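Since the structure comes first, as structure tokens, the remarks are kept for the end.
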Amino acid sequence: MHVGDALLSPVVGGTMWAATAGVTAYASKKINIELDKDKIPLMGVMGALVFAMQMVNFAIPGTGSSGHIVGGILLAVLLGRNAGFLTMISILSIQALFFADGGLLALGANIFNLGFFACFVAYPLIFKPIVKKGYSNRRIVVGAVIASMVALQLGAFSVVLETVISGKTLLSFGVFAALMQPIHLAIGAIEGLVTAMVLVFIYKAKPELMEGAVGLPKQKTSNKKLVAGLLICTVLIGGVGAWFASANPDGLEWSVARAAENSGVEIVEQADDALIKIQQETAILPDYALREGAGAQISENGQTSIAGIVGAGLTLAFAALIGFAIWLFKRKKAAGVQ
Amino acid sequence: MDDLARGDSAVHHIHPLMLFLVTIAYSGLVSSFGRYAIVPVLPFVLYPVIIFAVSKTPVKPIFKRALIVLPLILGIGLFAVIFDRSIVYFGSSVYYGGWFNFASLVLKYGLIVISALLMMSTMGIDRLAYALRLIRIPKLIVLQILLTYRYISVIGEEIARTVRAYKLRSFGKKGIHKTAWGPLIGQIILRTYERSQNIYAAMLMRGFDGNYHPGANIRMKFKDIAYLIFWIAFFVLARIFDLPTLLGNAIAGVL
């Protein structure tokens, strides 16, 4: 579910960075007070664990396919929401930096989509209330499944919003949301089930690992600030969404109409139709006659295409030449040294 | 990648903060191009080419890593081809925008990913941590990134061993059966927890006080600032002016 740099505009990427920085500052401030130092290596190795666990494939019952988990809820339950969030940051940063998963610009958005919704929305507002009366197998399963599904739905929706607002592709809001949400409903259910099984096992084997499961006096942490922050986020996202919706009324209507009649199948059919027609409809050189609803006409580099092509060729040749020259120079120098 | 970061070249000796800032500027400017832009993006190819050449970073491993995430962009790009029905004029011909969108996405994605990978392969995790501290990223987060990075290979091997043991006993079935989800991962978590206790004890023995100490200061020199200014100036120039088209026009004028 990582968004890539190429899909986000700098404004959207920057906004998500700012949002993430805010949450991060809050989390690391909270944690300095509440953290006992032995949690630091625990967070580190748990991060490595969740990172490595994404290579493990779980068989999805009845489908013959398999998938891996993201681990946000698992981290929040085992480490608490603040430490869980910071651990997600380290995982996603390493993925962005060393494995090019996501990217620097999109890192803020990815942390928000995968970490914030799991640790600061689904965990405190869904999982915790469900297990409030004390842990039991049933409560853990119900809580983990619902929390994971909600977290992934919010994350997926956020991906759709960020991508559509960025406008790096003309995928309409409706189409994109209809593709993303149902898929992530299924992914969320699996994620929730795996998380639940793992938590049930840990609850039986070592309950003290789960935050507030045994012994410790109940922490009185106020959720007021969190709720206020969430409200602000909701208003912001709602406002942006509404603005966006009014700019593209047909896209939204379309998605609402489809949502009402159990979208999945319809969308797939539509995509199939489109695939069948792909040859005629997406030919590199369509007819001059514009079909109905062909969308906005965008002119780029009006009459300068020849110049553009010549220039492009020259630019690339120039880049290659410089690279080659440096390489040659270096080799000569190395040979001279030897 | 850590081995690459230990290389010795002009790029490796640039202050890590400058490498970081140049990469951020590069990603931001490349991704700020419009959805159909292809030709104006091309001057940005120059940056990775020069860094590859100067830092003597092998091209193959970097491209291999960049390929890992390509499917996602290809997927979105293909959807754009199917659904994007807008029309793009290029000279006297008319094209469907989807294809331009597709090519533009792949080009921008490739450049950004390669620039990030190049940054890491000329900088390494320790100097990255130093740069992060300089821009006031909280100590705790820097420490987390270092610890997580350090233990990925250790824990990864442990998980691989556990999964291999499971597979040898599961007669070639695909994936981990649902009855084993909890116990298998749960066991690994318990072992990981114990390991973290040992690590903590070892850290305490070596004087860990909850803080991150980056070690020796890396001095900022004139060449570091010149490096930053040169690249930023080039990026901004290439972003504002459509250099290839200007070049093409100039050539056409001469001919």
Side-chain angles (χ1 to χ4, degrees), chain A residues 4-6 10 28 37-38 41-45 47-49 51-52 56-59 61 66 86 89-90 93-94 97-98 100-101 103-105 168-171 175 194 197-198 200-202 206 274 282 286 294-300 304-305 307-308 310-312 314-315 319 323 326-327, chain B residues 27-28 31-32 35-36 39 42-43 45-46 49 53 66 69 73 80-91 96 101 105 108-109 112-113 116-117 120 138 140 144-145 147-149 151-152 155-156 159 175-178 181-183 185-186 192 196 199-200 210 244-245 247-249 252:
Chain A
D5 271 350
S28 46
K37 273 181 261 156
D38 69 334
L42 181 60
M43 284 161 67
V45 287
L49 176 76
F51 191 105
V56 180
N57 280 316
F58 297 92
S66 57
L86 294 186
I89 292 182
S90 64
S93 305
I94 291 170
L97 291 165
F98 287 88
D101 208 353
L104 280 180
L105 182 75
K168 294 287 150 179
T169 138
L170 256 195
L171 271 185
V175 173
V194 176
M197 299 300 169
V198 173
V200 165
F201 176 85
I202 292 195
K206 214 171 167 104
T282 61
Q297 302 188 0
I298 289 145
S299 159
E300 188 173 82
T304 56
S305 76
V310 172
L314 280 173
T315 310
I326 297 174
W327 177 77
Chain B
S27 310
S31 60
S32 73
R35 66 172 77 98
Y36 304 111
V39 172
L42 292 177
V45 173
L46 202 59
V49 167
V69 232
I73 289 290
V81 170
I82 295 172
F83 290 110
D84 188 343
R85 289 275 179 276
S86 55
I87 298 297
V88 173
Y89 291 98
F90 194 72
Y96 273 121
N101 194 185
L105 277 179
K108 285 185 280 189
Y109 155 84
I112 292 172
V113 163
L117 290 173
M120 288 322 295
L140 190 61
Q144 275 319 304
I145 292 178
L147 272 170
T148 304
Y149 183 73
Y151 280 96
I152 284 173
I155 308 266
I159 291 183
I176 290 162
H177 193 259
K178 63 177 190 295
W181 287 357
I185 298 300
T192 307
S196 91
I199 293 168
Y200 181 57
T245 305
L247 194 63
N249 280 335

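Naming convention: chains lettered A, B, ... in sequence-line order (proteins, then strands); numbering from 1 in each chain. Here the structure is a predicted model, which means the values were calculated and not measured. Note that these values count all heavy atoms, side chains included, but never hydrogens, waters or copies made by symmetry.
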Closest approach of [X] to [Y] (non-hydrogen atoms, all atoms of both residues):
X: A:Leu97; Y: B:Leu117; answer: O-CD2, 4.0 Å
X: B:Gly186; Y: A:Ile202; answer: CA-CG1, 4.3 Å
X: A:Ser28; Y: B:Pro138; answer: OG-CG, 3.8 Å
X: A:Val198; Y: B:Trp181; answer: CG2-O, 3.8 Å
X: B:Ser32; Y: A:Pro10; answer: CB-CG, 3.4 Å
X: B:Tyr151; Y: A:Val45; answer: CG-CG1, 3.8 Å

Using heavy-atom distances under 4.5 Å, tell me whether A:Val200 contacts chain B through its side chain, its backbone, both, or neither.
neither

Could you tell me which portion of A:Leu49 (side chain, backbone, both or neither) has an atom closer than 4.5 angstrom to a non-hydrogen atom of chain B?
both

Check whether B:Pro43 gets within reach of chain A through its side chain, its backbone, both or neither, counting any heavy atom under 4.5 Å.
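Looking at B:Pro43, backbone and side chain both touch chain A.
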
Contact origin within B:Ile112 toward chain A - heavy atom pairs under 4.5 Å
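For B:Ile112, the side chain is the part near chain A, not the backbone.
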
[atom1] of [X] to [atom2] of [Y]: how many Å apart, nearest 0.5 Å?
X: B:Thr192; Y: A:Leu42; atom1: OG1; atom2: CG; answer: 9.0 Å
X: B:Ser31; Y: A:Leu105; atom1: OG; atom2: CG; answer: 4.5 Å
X: B:Leu140; Y: A:Met43; atom1: CG; atom2: CE; answer: 5.0 Å

Can you tell me which of B:Thr148, B:Leu147, B:Ile155, B:Val45 forms the most heavy-atom pairs within a distance under 4.5 Å of chain A?
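Most pairs with chain A among the choices: B:Thr148.
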
Check for a donor-acceptor pair, side chain of B:Gln144 on one end and backbone N or O of A:Ser90 on the other, with a separation under 3.5 Å.
no

